[in-house]
Amino acid sequence: MCGIVGYVGGQASLEVVIDGLRRLEYRGYDSAGVALVTNDGLFTEKRAGKLSNLDVALADVETPPSTTGIGHTRWATHGAPTDRNAHPHLGRQGRVALVHNGIIENFAALRSKLEAAGHELESDTDTEVAAHLLEAEVAAGADLTEAMQGVCRQLEGAFTLVAVSPDAPDRVVAARRNSPLVVGLGEGENFVASDVAAFIEHTREALELGQDQVVTITRDEVEVTDFRGNPAEGKPFHIDWDIAAAEKGGYDYFMLKEIDEQPRAIADTLLGRLSETGQLQLDEMRLSDDDLRAIDKIIIIACGTAFHAGLVAKYAIEHWTRIPCEVELSSEFRYRDPIIDRDTMVIAISQSGETMDTLMALRHARGQRAKVLAISNSNGSTIPRESDAVLYTRAGPEIAVASTKAFLTQIVACYLIALYLAQVRGTKYGDEIAEIVGQLEEIPAAVTEVLASLEPVRELAREMGAARLVLFLGRHVGYPVALEGALKLKELAYIHAEGFAAGELKHGPIALVEQGTPVFVVVPPKGRGPLHDKMISSIQEVRARGARTIVLADQGDDRVLPYADQLVALPTVPTLMQPLVATVPLQVFACEMAMVKGHDVDQPRNLAKSVTVE
Ligand code: AGP
């Protein structure tokens, strides 16, 4: 999820673009860059790191006057956050500059074709491939708009593209598929951007673009077409958010926005990781097939929510690969003298990639010759850099301290790794793997369905504001979901919450239950035979002692109805997929209760987004 701005009008384009990027920096801050159309051609500058690094670079040079320009703040997906990989990227002759947000799934094949035709690409990005294709179209006689249409017809995946060229100095051309792009309609000036925060100080009149559309803006004109050049329409709207709300996309808190981004985050994490032949392709997996075949034990190390993702992953890893899998708190791992050797794979899960507990555990594992694989949401961060291999989640920046979209995408990434191991080691046939990937590909829609049905959960949170203790029960993969639901409530509402394996209740914790104690119960999918029956028994046990049961169960699971004081119906998904839908109501409950209590939802007391101390 990157930040993009394009401008054409009467103002100095550099100032407008830089100010716009500043408003979008929350969307990504691995690197930043600008491209300006000047009388002498294209002026470009780009730097790794925060926007301030670009400011410093620009202060050192004489920037020529320009009224047409584009800019980009990057959240890296392909290629580490370096100057070389920063956007904008240029075509072969440097006559076109392009910035991009999203993932071009077929970039590798396109890159091979370009290189076979003599193109030399400098970066590791998918974006540079599109820049070379765009310039090739212009060189073949297309104008910039036609060239953009032509390129979009070649690309697969999710992308927002914005381009300028000195051959078309009066315009900015942009396109979108599955990735945000909005037009700002000014007086004698126009804008394109990832979201309205970039131009809201200049105009509150905007145009929403549809799927697979190309837009060309000049000072006084906005022209929209489809990818074949047929005229199309955008949807005009007036922006009535203030600046702060605009940066949160109109949400009151980043956490609310990030909860709603989960379907897109899951879809992006899956993009491009299954080849046309149904083979998993994990391009950052730098471990050889022989290394992977030699693995005889897996240890997952992580903290907090990431640890809960590891607990979910354990069930899938063992079921699909038959490799023993332990899940360990990073802060405990190296002090228990773990049994590790060169055939141990340690998987370090970390959204920030900077958690010191996990980094120190990783270093210990490497010292014991284990193979270390990182799962992170932060490209180029320390933990992936110190690992043998990495699989990046593509949730986009997670600003709220309480982790939501990172959690779901960590589970998805773990599942992809488990399937990749099963593929390499032959414990699953290709069609079985493709079937499970197909199940994962249906999850974004299932999560969208859940998100649309949660007003009763919000009402429950508003009603339960005085609760002093809330319990969460789950079995099998529902147990880590119970732990995660409890952690969210602790973090956000500052009340005592505890998750249990439901079977453990009678061994002590049930003593906590008294009249009215709220107990959330994550019920296994209907087809889970004995587990489903046992969960019904657990619900009866707590109810018999006065608990108020909030039951999360499959739609149509009528066996739970007599024991549910509140029912949260979930879309029916396969057992191992249930955490991806069952967690969402618990996130929303905790978030709503925090708002009811007037807490700072995005920055809860005592907590930091990345804990870089042990
Ligand atoms: C979860 O909501 C918390 N923010 C916290 O538990 C977090 O998951 C943990 O600190 C691990 O962070 P990491 O994923 O960046 O390593």
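Counting starts at 1 for both ligands and their atoms, in listed order.
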Next item on the list: Hey, can you tell me if H308 and F407 have their rings parallel, tilted or perpendicular (30° and 60° cut-offs)?
Entry: perpendicular

SB check [X] [Y] (cutoff 4.0 Å):
X	Y	answer
E398	K405	no
D268	R264	yes
D195	R23	no

Note to self: So if I apply the side chain to side chain contact (heavy atoms under 4.5 Å, CB included) rule between Y415 and each of T269, V312, L270, which one comes out positive?
What the structure shows: V312

Note to self: Show, in sequence, the C-alpha distance, side-chain angles and deciding distance for L362 and S387, and conclude whether the side-chain contact (heavy atoms from CB on, under 4.5 Å) test is met.
What the structure shows: CA-CA 8 Å; L362 177 160; S387 299; 3.4 Å; yes

Check: So is A402 close enough to ligand 1, meaning a heavy atom under 4.0 angstrom away?
Finding: yes

Check: Heavy atom of T358 under 4.0 Å from ligand 1?
Finding: no

Margin query: Heavy atom to atom 1 (C) of ligand 1, shortest distance: which of I301, T355, T305, T404 holds it?
Written below: T305

Check each atom of ligand 1 against the heavy atoms of [X] and keep those under 4.0 Å away; list them by number with element.
X	value
S403	1 (C), 2 (O)
G304	6 (O)
A306	8 (O), 14 (O)
Q351	13 (P), 14 (O), 15 (O), 16 (O)

What residue and heavy atom of the protein are closest to [atom], and at what distance?
atom	answer
atom 10 (O) of ligand 1	V611 CG2, 4.2 Å
atom 11 (C) of ligand 1	C303 O, 3.5 Å
atom 3 (C) of ligand 1	E491 OE2, 3.2 Å
atom 4 (N) of ligand 1	V401 O, 2.7 Å

Margin query: According to side-chain hydrogen bond (donor to acceptor under 3.5 Å, both in side chains), does anything in residues 578-587 pair up with another residue at least two apart or in another chain? List the pairs.
Written below: Q262-Q587

Notebook entry, point to check: Do any nitrogen or oxygen atoms of K609 lie less than 3.5 angstrom from nitrogen or oxygen atoms of ligand 1?
Noted result: no

Notebook entry, point to check: Hey, does I349 come in under 3.5 Å of ligand 1, counting only N/O atoms on both sides?
Noted result: no

Check: side chain to side chain contact (heavy atoms under 4.5 Å, CB included) with T572: which residues, sequence neighbours excluded?
Finding: K526, D554

Check: Out of K371, R286, R366, which one pairs with D388 under the salt bridge (Lys or Arg N to Asp or Glu O under 4.0 Å) rule?
Finding: R366

Check: With backbone taken as N, CA, C and O and side chain as the heavy atoms from C-beta onward, which portion of K488 lies under 4.0 Å from ligand 1: side chain, backbone, both, or neither?
Finding: side chain

